[in-house]
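Just below is one structure, and these are the notes that go with it.
Small disclaimer: the values here were computed from a predicted structure and weren't measured. Throughout, numbering of the chain's residues begins at 1 and tracks the sequence.
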Amino acid sequence: MTPTLKTSRLLLRPLELADAAQIQALFPHWEIVRYLRNAVPWPYPPDGALQYVRDMALPAMARGEAWHWTLRLRTEPEQIIGFISLIKGETENRGFWMGLPWQGRGLMSEACDAVTDYWFKVLKFPTLRVPKAIANRASRRISEKQGMRVVATEERDYVGGRFAAEIWEITAEEWRAQRKSAVR
Ligand SMILES: CC(C)(COP(=O)(O)OP(=O)(O)OC[C@H]1O[C@@H](n2cnc3c(N)ncnc32)[C@H](O)[C@@H]1OP(=O)(O)O)[C@@H](O)C(=O)NCCC(=O)NCCS
């Protein structure tokens with residue numbers, strides 16, 4: 001069972017089927033999808049969120065292969081504002097997007113710290129790796145702030161095209177040390 005996580009401003013609620021409608025309303029914007037993997041269909045179909053939640057995300061959670069949360073402000077818990085995921089595997093262990101009206105307030109940085117703690121402290125994986133397009137400056141900044149390192153560069157296919165990408169990594173030990181020293 002994936003638990004609800006809390007940060008100072010956010011609730012991270014485990015994904016449910018009923019969330020699909022709000023995700024459909026928030027997610028399909030070019031600014032959100034252009035640096036996401038080209039597995040995301042584009043143009044986004046009218047039932048894209050339902051298909052993703054029902055056929056991919058919830059089954060992966062049930063198999064214990066992924067942990068997906070919707071993000072909500074504590075002050076307005078019925079409104080979904082973004083999405084964050086942890087995923088078992090070699091190089092793509094975390095993914096996220098924030099609805100346009102809520103970007104630039106430090107909220108994803110907050111959510112990322114909470115799920116990264118969950119990855120290491122609860123799920124007890126030894127390493128977290130995430131690929132990001134080099135042009136995706138906001139996403140890279142989050143990895144930088146978390147004390148992650150670039151371990152590889154490669155070209156990857158995104159919704160917006162084929163771009164240079166970096167694989168960022170942090171180990172459980174580095175995360176623990178970073179959390180002790182960080183002033184956030
Ligand atoms: C990446 C994303 C989730 C960031 O969400 P957010 O809530 O706006 O992030 P934060 O407010 O926590 O900001 C993260 C950092 O990036 C910086 N940043 C934001 N936009 C930026 C930009 N266009 N260029 C450079 N830095 C930027 C912020 O200033 C902040 O750094 P700081 O704390 O040093 O000031 C959001 O931009 C998004 O949804 N992008 C589309 C989806 C996506 O690309 N997901 C990641 C795929 S790898």
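Rounding to the nearest 0.5 Å places OG1 of Thr70 at 10.5 Å from CD of Gln79. The distance from atom CZ of Arg179 to atom NZ of Lys121, rounded to the nearest 0.5 Å, is 6.0 Å. Between the CZ atom in Phe83 and the CG atom in Asp19 there is a gap of 8.5 Å [rounded to 0.5 Å]. Distance NZ/Lys6 to CG/Leu12: 11.5 Å, rounded to 0.5 Å. Residue Leu128 holds its CG atom at 6.0 Å from CH2 of Trp119, rounded to the nearest 0.5 Å. Note: Arg34 CZ to Leu36 CG = 10.5 Å, rounded to the nearest 0.5 Å.
Applying the side chain to side chain donor-acceptor pair (under 3.5 Å) test to Arg37 and every residue at least two apart in sequence or in another chain returns Glu92. With sequence neighbours left out, Ser139 forms a side-chain contact (heavy atoms from CB on, under 4.5 Å) with Phe96, Lys132, Asn136. For the side chain to side chain donor-acceptor pair (under 3.5 Å) test, no residue two or more places apart in sequence or in another chain qualifies with Arg74. In this structure, Glu16 has no side chain to side chain donor-acceptor pair (under 3.5 Å) partners at least two apart in sequence or on a different chain. Scored by the ring pair (Phe, Tyr, Trp, His ring centres under 6.0 Å) test, Trp69 finds Tyr118 as partners (sequence neighbours excluded).
Linking Ile, Leu, Val, Met, Phe, Trp and Tyr residues whenever their side-chain heavy atoms come within less than 4.5 Å places Ile80 and Leu73 in a single cluster. Both Met61 and Leu50 are assigned to one and the same hydrophobic cluster, defined by single-linkage of ILVMFWY side chains at heavy-atom distances under 4.5 Å. In the hydrophobic clustering of ILVMFWY residues, with side-chain heavy atoms under 4.5 Å counting as a link, Ile23 and Leu11 come out apart. The hydrophobic cluster containing Tyr35 does not contain Val130, counting ILVMFWY residues as joined when their side-chain heavy atoms lie under 4.5 angstrom apart, directly or transitively. Cluster membership for Leu26 and Trp30, using ILVMFWY side-chain heavy atoms within less than 4.5 angstrom, is shared.
For Asn93 (side chain) and Ile87 (main-chain N/O), a donor-acceptor pair under 3.5 Å exists by modelled atom type. Distance alone, capped at 3.5 Å, is enough to place a donor-acceptor pair between the Tyr158 side chain and the Ala133 backbone. Proximity of a side-chain donor or acceptor of Glu174 to a complementary backbone N or O of Glu169 within less than 3.5 Å is not detected. Between the side chain of Gln103 and the backbone N or O of Met98, at least one donor-acceptor pair lies under 3.5 Å. Gln178 contributes a side-chain N or O that, together with a main-chain N or O of Lys145, makes up a donor-acceptor pair within less than 3.5 Å. Distance alone, capped at 3.5 Å, is enough to place a donor-acceptor pair between the Gln24 side chain and the Pro45 backbone. Judged purely by atom type and a 3.5 angstrom limit, Glu110 has no side-chain atom pairing as donor or acceptor with the backbone of Thr7.
When hydrophobic side chains of Ile, Leu, Val, Met, Phe, Trp and Tyr are connected at separations under 4.5 Å, Ile167 ends up clustered with Val151.
The minimum heavy-atom distance linking Ala114 with Leu5 is given by the pair O-CD1, 4.1 Å. The two residues Val115 and Leu86 come nearest to each other via the heavy atoms O-CD1, 3.4 Å. Residues Thr2 and Pro14 approach most closely at O-CG, 3.2 Å, considering heavy atoms. In terms of heavy atoms, Ala164 sits closest to Glu155 at N-OE2, 4.1 Å. Of all heavy-atom pairs spanning Pro77 and Arg72, the tightest one is O-NH1, 2.8 Å.
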Note to self: Could you go through Asn38 and Arg156, starting from their C-alpha distance and side-chain angles, then the distance that decides it, and tell me whether this counts as side-chain contact (heavy atoms from CB on, under 4.5 Å)?
What the structure shows: CA-CA 9 Å; Asn38 72 345; Arg156 294 175 75 92; over 6 Å; no
Before you tell me yes or no, could you show the steps for Trp175 and Thr116 under side-chain contact (heavy atoms from CB on, under 4.5 Å), namely the whole-Å CA-CA distance, both residues' side-chain angles and the distance that decides it to 0.1 Å?
CA-CA 8 Å; Trp175 179 246; Thr116 305; 3.6 Å; yes
Phe120 vs Ile170, side-chain contact (heavy atoms from CB on, under 4.5 Å): CA-CA, chis, key distance, verdict: CA-CA 10 Å; Phe120 288 124; Ile170 190 163; 3.9 Å; yes
| Full working for side-chain contact (heavy atoms from CB on, under 4.5 Å) between Met108 and Ile84 | CA-CA 9 Å; Met108 193 55 82; Ile84 193 160; 4.0 Å; yes
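Heavy atoms from other residues, nucleotides or ligands lying under 6.0 Å from CZ of Arg105 number more than 12. Dense packing is recorded around CD of Glu31, with more than 12 heavy atoms of other residues, nucleotides or ligands lying under 6.0 Å away.
By the 30° and 60° cut-offs, the orientation of the rings of Trp97 relative to Phe27 is tilted.
Using a 4.5 Å cut-off on side-chain heavy atoms (C-beta onward), Lys88 and Leu123 make no contact. With a 4.5 Å cut-off on side-chain heavy atoms, Ile134 and Arg140 count as touching.
A side-chain donor-acceptor contact under 3.5 Å links Asp47 and Gln51. Side-chain contact of Arg129 with Thr127: a donor-acceptor pair under 3.5 Å is absent, judged by distance alone.
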